[in-house]
Amino acid sequence: MLRKAGWWLADYIYAGYWQLRAVCDRTDPASFSSGSAAHIVVLPGVYETWKFMQPLVAAMHQQGHPVHIVDTLHRNQRPVVDMARRVDEFLEVNDLTDVILVAHSKGGLAGKLVMTGPASSRVRSMLAIATPFAGSRYARLMLSKTLREFSPESPSIVGLAEQLTVNERIVSIYARFDPHIPERSELAGAKNVCLDTGGHFRILARPQVMAELASLAG
């Protein structure tokens with residue numbers, strides 16, 4: 001219990017720091033759009049902008065990847081289906097192909113929906129980080145409609161669970177203990193990578209994330 005409490009505390013310190021920094025940071029996302037490696041589209045989680053994932057964005061760009069930001073997602077408070085529709089439009093307007101989606105939490109749900117939708121042929125694969133593919137029982141207790149969408153019984157979660165064909169193109173990486181997703185993030189048919197740590201947010205900074213991306217990009 002003490003170990004889990006420590007993970008929980010460290011996770012919220014990490015999240016608080018990067019949420020605050022996101023408010024103050026003025027980095028132009030276009031500065032990450034150059035590169036000759038595989039194109040990457042970043043899909044942050046709920047209540048997150050791309051700046052919450054900026055350390056990972058910068059690391060991917062340093063490895064030669066053009067990293068693209070979908071500005072119309074804002075803080076990802078809209079339903080998953082709306083989020084996926086905006087990503088579809090972004091891929092088509094920018095004529096991006098052979099794309100790797102790198103998604104955190106809710107972003108992975110939208111990413112999987114994109115992989116089954118009209119822009120599916122534009123996506124090579126997805127690296128999903130701490131994504132609630134089976135939902136979270138805690139969502140049943142939430143007052144916010146945005147958070148209740150993560151309930152295991154919600155149409156978004158149930159509908160995505162029925163879409164099995166794209167799972168083989170997904171890598172799901174997650175912590176052994178996730179304070180937000182007690183069900184964890186295993187996805188049948190995907191490559192599942194369980195890290196011996198705890199957290200929902202600070203897992204974004206783990207070196208194994210970049211290692212899995214390198215595997216997908218290779």
Side-chain angles (χ1 to χ4, degrees), residues 22-23 25-54 56-58 60-61 64-133 135 144-150 154-172 187 190 204 213 216-217:
V23 173
D25 189 88
R26 295 294 179 265
T27 302
D28 183 356
S31 64
F32 299 108
S33 62
S34 62
S36 58
H39 288 267
I40 289 173
V41 172
V42 171
L43 306 179
V46 66
Y47 302 132
E48 298 170 6
T49 69
W50 73 270
K51 292 178 182 177
F52 189 79
M53 298 176 66
Q54 190 167 330
L56 181 57
V57 169
M60 294 187 295
H61 185 247
H65 294 281
V67 183
H68 304 277
I69 310 302
V70 186
D71 288 329
T72 56
L73 295 179
H74 304 298
R75 297 184 70 238
N76 297 332
Q77 294 171 261
R78 300 292 299 166
V80 169
V81 65
D82 288 355
M83 189 177 172
R85 187 179 301 118
R86 296 179 188 196
V87 178
D88 287 340
E89 292 170 354
F90 181 87
L91 294 175
E92 292 172 6
V93 166
N94 292 278
D95 195 25
L96 295 176
T97 58
D98 201 30
V99 165
I100 300 174
L101 303 176
V102 176
H104 179 233
S105 194
K106 180 183 180 180
L109 301 178
K112 184 177 177 183
L113 193 55
V114 170
M115 294 175 75
T116 66
S120 60
S121 62
R122 297 180 178 274
V123 179
R124 179 200 303 187
S125 56
M126 178 170 68
L127 177 61
I129 307 158
T131 292
F133 288 113
S144 166
K145 184 178 180 180
T146 297
L147 297 179
R148 286 202 306 273
E149 189 177 20
F150 302 131
S154 79
S156 293
I157 297 297
V158 173
L160 283 171
E162 295 171 350
Q163 301 289 337
L164 302 176
T165 56
V166 300
N167 290 3
E168 65 183 10
R169 294 191 283 133
I170 297 174
V171 175
S172 180
L187 182 65
L204 288 165
L213 174 64
L216 283 176

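Annotation: the span from Leu164 atom CG to Thr116 atom OG1 amounts to 11.0 Å, rounded to 0.5 Å. Considering CD1 of Ile69 and CZ of Phe90, their distance stands at 8.0 Å, rounded to 0.5 Å. Rounded to the nearest 0.5 Å, atoms CG (Leu109) and CG (Leu160) are 6.0 Å apart. To the nearest 0.5 Å, atoms CG (Leu204) and CD (Glu48) are separated by 7.0 Å. For the atom pair CZ (Phe133) and CG (Asn167), the distance works out to 7.5 Å, reported to the nearest 0.5 Å. Here OG of Ser33 is found 8.0 Å from CG of Asp28. Values are rounded to the nearest 0.5 Å.
Here the closest non-hydrogen pair linking Gly111 and Leu43 is CA-CD1, 3.7 Å. What you find for Thr49 and Ala22 is that their closest heavy atoms are OG1-CB, 4.2 Å. The shortest non-hydrogen separation linking Ala190 to Ile170 is CB-O, 3.2 Å. Of all the heavy atoms in Leu73 and Pro44, the pair that sits closest is CD1-CD, 4.4 Å. Pairing each heavy atom of Gly35 with each of Pro66, the nearest pair is O-CG, 3.3 Å. Leu91 and Ala119 make their closest contact through CD1-CB, 4.0 Å (heavy atoms, listed as atom of the first residue, atom of the second, distance).
In this structure, His65 contributes its side chain and Ala38 its backbone to a donor-acceptor pair below 3.5 Å. Remark: side-chain polar atoms of Arg122 are paired, donor with acceptor, to backbone N or O of Leu96 under 3.5 angstrom. Between the side chain of Arg169 and the backbone N or O of Val123, at least one donor-acceptor pair lies under 3.5 Å. With hydrogens and angles disregarded, a donor-acceptor distance shorter than 3.5 Å links the side chain of Ser144 to the backbone of Thr146.
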- Query: Could you go step by step and tell me if Leu187 and Lys112 meet the side chain to side chain contact (heavy atoms under 4.5 Å, CB included) rule?
  - Reply: CA-CA 11 Å; Leu187 182 65; Lys112 184 177 177 183; 4.0 Å; yes
- Task: Just do the side chain to side chain contact (heavy atoms under 4.5 Å, CB included) check on Val80 and Ile157 with the steps written out, would you?
- Result: CA-CA 9 Å; Val80 169; Ile157 297 297; over 6 Å; no
- Item | Working for side chain to side chain contact (heavy atoms under 4.5 Å, CB included), residues Met126 and Val114 | CA-CA 10 Å; Met126 178 170 68; Val114 170; over 6 Å; no
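With contacts defined as side-chain heavy-atom distances shorter than 4.5 Å, the pair Pro132/Phe150 qualifies. Side-chain atoms of His104 and Leu56, non-hydrogen and from C-beta on, never get closer than 4.5 Å to each other. For the pair His74 and Arg86, the minimum side-chain heavy-atom distance is below 4.5 Å. Residues Val99 and His68 fail the side-chain proximity criterion, which asks for heavy atoms closer than 4.5 Å. Residues Asn76 and Tyr47 are not in side-chain contact: their nearest non-hydrogen atoms beyond the backbone lie 4.5 Å or more apart. Using a 4.5 Å heavy-atom threshold, the side chains of Asp98 and His39 count as separate. Contact check for Val67 versus Val102: no side-chain heavy atoms found under the 4.5 Å cut-off.
Between Glu149 and Ser156, the side chains place a donor N or O and an acceptor N or O closer than 3.5 Å (distance only, hydrogens not considered).
By the 6.0 Å contact criterion, CD on Glu168 is open, its count of non-hydrogen atoms from other residues, nucleotides or ligands being 12 or less.
Under the 30°/60° scheme for interplanar angles, the aromatic rings of His61 and Phe32 are found to stand perpendicular.
Residues passing the side chain to side chain donor-acceptor pair (under 3.5 Å) test with Asp82 are Arg78, Arg85, sequence neighbours excluded.
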